[in-house]
Chemist: 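This is the structure, below, for whatever I ask next.
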Amino acid sequence: MRQAAALLGLALLSGLFSGCDEPPRLREERIQVFGTWVDLALWGVDDATAARAIRVIQGDLGDLHTRWHAWQPGELTRINAALAAGESVDVADSMRPVLERARTLSLRSGDLFNPAIGRLVALWGFHADAPAKRVPPPAEAIDALVAAVPKMGDLAFDGSRLLSRNPAVQLDLGAFAKGYGVDIAIGRLQDLGIRDAMVNAGGDLRVLGRRGDRDWRVGIRAPAGGLLAAVEIADGESVFTSGTYERQFEHAGTRYHHIIDPRTGYPARGLSSVTVIGRDGAEADAAATALLVAGRDWPRTARALGVTAVLAIDEQGALQATPGMADRLQFLDQSPPALGIVPLPEI
Ligand code: ADP
Ligand code: MG
């Protein structure tokens with residue numbers, strides 16, 4: 001749910017815009033949702049089906065954006081107000097699986113991906129379209145929220161009613177909403193009988209099938225800008241990146257970014273970006289955030305989440321990848337950067 005400016009990153013690589021001398025079989029459509037652009041690439045789809053897909057997906061994602069917004073009044077702010085007051089709250093049928101999925105991923109990540117820390121994110125001033133607060137919050141306020149240990153495991157359902165055992169829980173689905181939304185869009189395309197497509201929300205994406213006679217191919221952005229490498233993505237897979245550069249401010253010579261380590265209450269340290277190839281968007285989105293928070297210890301968290309294809313770039317710009325990612329990276333530069341290969345630890 002970030003601004004378009006933060007999402008210029010990953011460009012689709014060659015071929016997508018070509019094909020002038022053959023009957024056009026790739027349709028590219030752009031819709032504006034989530035406060036950003038979502039690009040749909042549809043292979044071999046007729047006009048009427050494409051128009052229907054766009055309409056349905058625009059409706060779904062627009063709806064999700066309003067209902068899940070972390071600070072503009074909607075379903076999530078209503079739920080948060082009740083949880084903060086220690087009251088149980090009625091939750092729409094469609095919201096329950098979302099919270100349950102978020103809870104499962106949070107637990108598996110050791111609560112490094114922790115959508116219950118909305119208060120911390122707000123305290124740091126990131127619940128605003130353009131962060132107004134340019135100074136870090138007082139240490140006591142941060143420490144108090146960390147000591148309250150809000151986590152997804154504090155939530156319990158009683159029928160359709162949701163209750164938190166911990167009034168410090170404030171839901172912020174920002175680290176996972178885009179992944180969940182991309183999954184919904186992919187599901188809609190499947191319902192319409194579309195077999196070959198890509199849904200790309202500013203570089204975070206998932207594909208179906210193939211692009212004609214080859215796999216979909218996408219670029220991975222370098223933190224400093226530009227493209228670092230390309231990867232081919234198989235049917236159903238997703239690629240999500242979490243980067244500290246997406247939203248940040250600087251104060252007294254220190255940069256403070258929007259991905260908060262729930263253990264310290266401060267912006268996560270150690271890595272500047274993590275790219276994950278996952279089975280679905282929700283998993284890859286949550287995992288990219290969790291690994292960014294894990295910092296140098298990311299391989300253990302990747303193992304716990306069952307994610308095998310990871311590229312991590314540390315604060316000094318050094319690249320590390322799991323074998324499952326390294327095998328797939330196609331560097332674009334003639335002299336590719338040094339890449340440390342990091343096997344995932346045994347459990
Ligand atoms: P990006 O794609 O911008 O790198 P992420 O998917 O990592 O973003 O999501 C970051 C957003 O998630 C933050 O803006 C905030 O709303 C929320 N958030 C921050 N820290 C955490 C965390 N540890 N766990 C879950 N959500 C977080
Ligand atoms: Mg994420």
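Counting convention: from 1, in listed order, for ligands and their atoms alike. Along the sequence shown, residues are numbered consecutively beginning with 1.
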Chemist: Check for a donor-acceptor pair, side chain of S88 on one end and backbone N or O of L163 on the other, with a separation under 3.5 Å.
Modeler: no
Chemist: In plain terms, say whether E315 and R255 are close enough for a salt bridge, that is, a side-chain N and a carboxylate O under 4.0 Å apart.
Modeler: no
Chemist: For I117, counting its heavy atoms only, list the atoms of ligand 1 lying under 4.0 Å from any of them.
Modeler: 20 (N), 21 (C), 22 (C), 23 (N)
Chemist: More than 12 foreign heavy atoms under 6.0 Å from CZ of R195: is that the case here?
Modeler: no
Chemist: Just to be sure I'm reading this right: ignoring hydrogens, which of D285, T289, D204, D172 gets closest to atom 16 (O) of ligand 1? Compare them by their nearest heavy atoms.
Modeler: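 Ranked by closest heavy atom to atom 16 (O) of ligand 1, first place is D172.
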Chemist: Look at R206 together with D183 and state whether they make a salt bridge at an N to O cut-off of under 4.0 Å.
Modeler: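 Here R206 pairs with D183 in a salt bridge, since their nearest N and O are under 4.0 Å apart.
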Chemist: Check ligand 1 against G243 and write out every atom of the ligand that is under 4.0 Å from a heavy-atom position of the residue.
Modeler: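 Counting atoms of ligand 1 from 1, those under 4.0 Å from G243 are 4 (O).
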Chemist: Which of these, L105, L171, L112, has its nearest heavy atom closest to atom 22 (C) of ligand 1?
Modeler: L112
Chemist: Using 30° and 60° as the class limits, which term best fits the ring planes of F126 and H258: parallel, tilted or perpendicular?
Modeler: perpendicular
Chemist: Does CG in D93 sit with more than 12 non-hydrogen atoms of other residues, nucleotides or ligands closer than 6.0 Å?
Modeler: no
Chemist: Hey, is T244 one of the residues with a heavy atom under 4.0 angstrom from ligand 1?
Modeler: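 For ligand 1, residue contact (heavy atoms, under 4.0 Å) with T244 is absent.
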Chemist: Which ligand 1 atoms does G174 reach within 4.0 Å, using its non-hydrogen atoms?
Modeler: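 Counting atoms of ligand 1 from 1, those under 4.0 Å from G174 are 9 (O), 11 (C), 12 (O).
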Chemist: Give a yes or no on whether R161 atom CZ has more than 12 heavy-atom contacts from other residues, nucleotides or ligands under 6.0 Å away.
Modeler: yes
Chemist: So, 4.0 Å and heavy atoms of A288: is ligand 1 close enough to count as a contact?
Modeler: no
Chemist: Between S94 and R67, does any side-chain donor sit less than 3.5 Å from a side-chain acceptor?
Modeler: yes
Chemist: Please give me the protein atoms (N, O or S only) lying under 2.8 Å from the Mg ion (ligand 2), ordered by chain and number.
Modeler: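 Those protein N, O or S atoms (cut-off: under 2.8 Å from the Mg ion (ligand 2)) are A175 O, D285 O, D285 OD1, T289 OG1.
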Chemist: Short N/O distance, under 3.5 Å, between A175 and ligand 1?
Modeler: yes
Chemist: Please state which part of E246 comes within less than 4.0 Å of ligand 1, counting heavy atoms only: side chain, backbone, both or neither.
Modeler: side chain
Chemist: Check this for me: does any side-chain nitrogen of one of D204 and K178 sit under 4.0 Å from a carboxylate oxygen of the other?
Modeler: yes
Chemist: Which of the listed options, I260, L120, L292, V293, holds the heavy atom that is closest to atom 20 (N) of ligand 1?
Modeler: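 Selected option, by shortest heavy-atom distance: I260.
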Chemist: Counting only nitrogen or oxygen atoms and a 3.5 angstrom limit, does S242 reach ligand 1?
Modeler: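 Yes.
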Chemist: Just to verify, which of T289, L292, V307 counts as forming a side-chain contact (heavy atoms from CB on, under 4.5 Å) with V276?
Modeler: V307
Chemist: What do you reckon, is CZ of R96 surrounded by more than 12 foreign heavy atoms closer than 6.0 Å?
Modeler: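 Counting neighbours around CZ of R96, more than 12 heavy atoms of other residues, nucleotides or ligands fall under 6.0 Å, so yes.
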Chemist: Between R27 and D47, is the closest basic N to carboxylate O distance under 4.0 Å?
Modeler: yes
Chemist: Yes or no: does F113 have any heavy atom under 4.0 Å from an atom of ligand 1?
Modeler: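 So F113 counts as touching ligand 1.
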